[in-house]
There are 2 protein chains.
Amino acid sequence: MRPKIFLFGDSITQDSFAEGGWGASLANHFSRTVDVVLRGYSGYNTRWVLKVLEKVFAATQHGDGGINGAPVAITIFFGANDACLPDRYGAFQHVPLLEYKQNLHSIVSFFVKQWPTTHILLITTPPIDEEARLRYPYAYNPQGLPERTNEAAGEYATACIAVAEECGVPVIDLWTKMQQCPDWRKEYLCDGLHLTQSGNRVVFEEVILKLREKGLSLEAMPVDLPLLADIDPNDPLKSFQ
Amino acid sequence: MRPKIFLFGDSITQDSFAEGGWGASLANHFSRTVDVVLRGYSGYNTRWVLKVLEKVFAATQHGDGGINGAPVAITIFFGANDACLPDRYGAFQHVPLLEYKQNLHSIVSFFVKQWPTTHILLITTPPIDEEARLRYPYAYNPQGLPERTNEAAGEYATACIAVAEECGVPVIDLWTKMQQCPDWRKEYLCDGLHLTQSGNRVVFEEVILKLREKGLSLEAMPVDLPLLADIDPNDPLKSFQ
């Protein structure tokens with residue numbers, strides 16, 4: 001039975017199998033060892049997620065669930081929608097900071113209870129380029145103000161990091177990491193929120209790094225069948241006895 | 001329980017989640033409806049595959065197997081390695097044409113028996129650019145002759161099509177399809193055998209087309225949770241009751 005890694009998040013997860021996406025890169029990296037399973041829900045915030053956790057992951061709902069189908073790891077990547085400002089056009093996605101933190105706690109607790117052996121990896125919202133958000137609104141925006149700000153995203157990132165520490169699980173601080181690149185707005189973001197291929201690369205590399213720290217690396221994980229390089233050209237069938 | 005599509009094949013399947021790969025494109029296309037599960041084994045021919053079918057897919061081996069874990073579809077994409085010439089450096093991968101045909105029959109039969117409701121989709125080997133194969137050998141090649149020829153690949157493609165017809169399953173004739181483009185060698189192949197992003201696009205589009213003919217399209221398949229566009233901004237939680 002090949003191990004699984006679930007990717008659970010919003011649009012930045014849902015879109016992660018597009019060209020150069022971090023999910024596809026993970027699937028490619030682990031092509032012989034791990035199934036990367038996509039559970040991305042565009043636009044979702046942690047409040048909505050709490051309403052659907054059971055349905056998406058509970059054992060009784062599908063054969064993959066339950067302790068027997070526990071993934072080796074799950075990435076939890078929510079916050080970008082919660083961080084929508086409450087007085088802008090994205091208000092219907094906004095979740096107050098304190099509730100976001102509580103919700104994220106509840107989500108982590110759900111998986112800890114459901115899958116005690118699974119490595120949980122939190123990922124913070126990326127930074128926001130407000131000017132680009134004005135150029136790429138996803139709804140009518142008569143206010144002419146961005147629906148997200150980088151400052152607010154930073155507060156949700158900080159809350160996410162706090163939850164990770166409180167729960168004792170690793171976290172990728174994408175908000176800080178990306179801003180270490182001077183040209184982060186153009187280099188990593190395609191519309192001030194979603195990721196370029198280069199931005200996807202950052203997520204991929206950070207996820208690989210965190211998984212490796214938990215012993216989940218290509219070198220440490222068995223392949224289910226012999227690799228071509230390990231098959232004797234003079235007696236190939238020997239590998240399949 | 002989200003439906004699954006298995007991708008079963010050699011390196012052209014194993015590499016299908018690389019940048020612009022047809023597997024990643026499928027996963028992206030079906031991001032909210034289907035799990036695309038990669039079972040690609042670089043270098044494998046149908047003779048080796050027959051030795052491992054049970055291990056990879058049998059119900060007793062993993063929770064995803066058996067009738068309850070039946071995928072809605074499986075692509076079977078072998079032949080490029082079988083078609084290695086018996087007197088060149090790739091001889092250890094060669095499988096005689098008649099045996100290839102019999103093996104492919106056995107592989108299809110295995111899935112028909114294991115998963116009677118699953119749509120099986122055969123894919124022929126792509127065409128071969130012999131000059132490029134000389135520039136990109138994967139082993140010491142003192143003969144200076146290509147380990148594969150386009151003519152031989154064509155014979156295996158014809159055999160694959162015959163098996164599909166005999167078994168009553170659809171087939172993508174990639175060998176013929178790709179050669180309809182005058183510049184197929186450069187446009188679709190990166191080393192005379194494996195696919196460029198453009199070549200991957202051909203496979204993706206053909207697979208989508210064949211799945212659609214079997215009723216497996218985005219429009220026909222349910223999403224497990226509401227799409228953002230269907231959520232009422234004035235009362236988002238209504239969608240989750």
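To find a chain, count down the sequence lines: A is the first, B the second, and so on, and within it residues start at 1. Just so it is clear, the values below take in all heavy atoms, side chains as well, and ignore hydrogens, waters and symmetry mates.
- Within residues 100-108 of chain B, no residue has any heavy atom under 4.5 Å from a heavy atom of chain A.
- When all heavy atoms of A:K55 and B:D224 are compared, the closest pair comes out as NZ-O, 2.9 Å.
- Contact count against chain B (heavy-atom pairs under 4.5 Å) is highest for A:P233 among A:P233, A:G43, A:A139.
- With sequence neighbours excluded, the residues satisfying side chain to side chain contact (heavy atoms under 4.5 Å, CB included) with A:A24 are A:F17, B:A24.
- Residue with the most contacts toward chain B among A:G21, A:G40, A:S16: A:G40 (heavy-atom pairs, distance under 4.5 Å).
- Side-chain contact between B:Y44 and A:P236: absent, with no pair of heavy atoms (C-beta onward) separated by less than 4.5 Å.
- Within the model, atoms CZ of A:F92 and CG of B:L228 stand 5.0 Å from one another, a figure rounded to the nearest 0.5 Å.
- Of the atoms belonging to B:Q241, not a single heavy atom falls under 4.5 Å from chain A.
- Here A:V52 is the residue among A:V52, A:V223, A:D232 with the most heavy-atom pairs under 4.5 Å with chain B.
- For the atom pair A:L227 CG and B:S42 OG, the distance stands at 8.5 Å (nearest 0.5 Å).
- Closest approach of B:L38 and A:S31 over heavy atoms only: CD2-CB, 3.7 Å.
- Interatomic distance, CG of B:L225 versus CZ of A:R39, reported as 9.5 Å (0.5 Å rounding).
- Annotation: maximal heavy-atom pairing with chain A below 4.5 Å, among B:K51, B:R32, B:E19, B:Q93, occurs at B:R32.
- Of the two parts of B:L26, neither the backbone nor the side chain holds a non-hydrogen atom closer than 4.5 Å to a non-hydrogen atom of chain A.
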